[in-house]
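See below for the structure under consideration.
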Amino acid sequence: MTRHVHDLTPWRHGHQYFSGGEAAAERRTLIVVALTVVMMVAEITAGTLFNSMALLADGWHMSTHAGALGIAAFAYGFARRHAEDGRFTFGTGKVGVLGGFASAIVLGMVALLMVWESASRLREVQTIGFDEALWVAVIGLVVNLVSALILGGDGHTHDHSHDHGHDHHHDHNLRAAYVHVVADAVTSVLAIVALLFGKYLGWWWMDPMMGLVGAAVIAKWSWGLMAETGAVLLDHSGDGSLEQEVRAAIEGDADNRLADLHLWRVGAGHWAAIVSIVTHQPQPPDYYKRLLAPVHELSHVTVEILPCVGEAKS
């Protein structure tokens, strides 16, 4: 029996669903990791020496952020190294989303730690070295602002809309890193405010109180980031406009009807779709893929054609 060997190369395609800015984002993240580690050590040391909870909270916050930013940098490297690994069915585009989800969990843990320590310090009067702690807090704020500029300088932390009105192109990994440094900046501002009130008005309790305020802000950001990245990891579409655009492209031709539609993200700005079409006038799969070509988010489309039994209604 003769066995025919078919060359499947022309029908195969890659699964590298990247936005194109990952390499630059990885470099910026590594720079910010270095800055964060240096400032973290300075703030924890100064907070311990000068007995400032606001400064300690900021330092601890930065320590966990250094770890979270390290996760972000690792996610970029891992996704790049395994981009062509066939074991990842739809590529490694979601690795960055996973990094963002891990960072959100770290943020939540930071908030809980800050609540615990701040509440314990409210129980008794604290002696704080305000002058020294203020200098360190101001330097920390400057470092955080510089880090935010480095990570957000090219706008990749924000949503990018195209002419179809969808906002899918942001890098969750980079956004998570950006949220971390902005949260650091907020805690630095709160630390400075608390130290100024303590220095000039003697309100020592403002120091641990600002730790509680900072914890509430961080917890809110943590929940929002966790919800957004978790939805992507669970393949939750949540985009009615994209579904409507796909449906209009298919059902606007002949008597086509969508029997089943699955949409999910496979990377920043990239979506996959499984489309089941019922029609009296079946065409080759490429015909329907051409109908969907104007839907620019779709990077991987699988078409199932189900010939309709019976005559078409006029």
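Keep in mind it's a predicted model, so treat the numbers as computed, not measured. Start at 1 with the first residue, then count along the sequence.
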| Test item: Leu35 and Ile150 side chains (from C-beta on) under 4.5 Å apart, heavy atoms | yes
| field | Validation row: Arg257, Ile277 side chains within 4.5 angstrom (heavy atoms) | value | no
Atom of [X], atom of [Y] and distance for their closest heavy-atom approach:
X      : Y      : answer
Val278 : Ala259 : CG2-CB, 3.6 Å
Leu298 : Ala273 : CD2-CB, 3.9 Å
Ser222 : Ala104 : OG-O, 2.6 Å
Ala119 : Leu212 : N-CD2, 4.4 Å

Joint hydrophobic cluster, [X] plus [Y], side-chain heavy atoms closer than 4.5 Å:
X      : Y      : result
Val38  : Val33  : no
Met209 : Trp116 : no
Ile274 : Leu234 : no
Leu258 : Trp271 : yes
Leu98  : Met109 : yes

Check: [Y] main-chain N/O paired with [X] side-chain donor or acceptor under 3.5 Å:
X      : Y      : value
Tyr288 : Val303 : no
Asn256 : Asp253 : yes
Asp255 : Thr279 : no
Asp260 : Ser276 : no

| said: With side chain to side chain contact (heavy atoms under 4.5 Å, CB included) as the criterion, how do Tyr287 and Ile305 come out once you've worked through the C-alpha distance, each side chain's angles and the decisive distance to 0.1 Å? | reply: CA-CA 11 Å; Tyr287 176 85; Ile305 305 163; over 6 Å; no
Once you round to the nearest 0.5 Å, how far does [atom1] of [X] lie from [atom2] of [Y]?
X      : Y      : atom1 : atom2 : answer
Ile250 : Glu245 : CD1   : CD    : 11.5 Å
Thr229 : Leu233 : OG1   : CG    : 6.0 Å
His262 : Glu243 : NE2   : CD    : 10.5 Å
Glu297 : Arg265 : CD    : CZ    : 10.0 Å

| message | Using the side-chain contact (heavy atoms from CB on, under 4.5 Å) criterion, which residues pair with Leu201? Sequence neighbours excluded. | response | Phe197, Trp203
| query | How would you list, by chain and number, every residue that makes a side-chain contact (heavy atoms from CB on, under 4.5 Å) with Leu112, sequence neighbours excluded? | reply | none
| request: Please lay out, stage by stage, how Leu263 and Leu261 fare under the test side chain to side chain contact (heavy atoms under 4.5 Å, CB included). | output: CA-CA 7 Å; Leu263 293 168; Leu261 174 62; 4.2 Å; yes
| task | Might you work through the side chain to side chain contact (heavy atoms under 4.5 Å, CB included) test for Met226 and Ile105, ending with a clear yes or no? | result | CA-CA 7 Å; Met226 196 180 304; Ile105 293 176; 4.1 Å; yes
| query | Given the rule in the side chain to side chain contact (heavy atoms under 4.5 Å, CB included) test, do Thr302 and Val275 qualify, once you have shown the distances and angles that lead to the verdict? | reply | CA-CA 6 Å; Thr302 302; Val275 183; over 6 Å; no
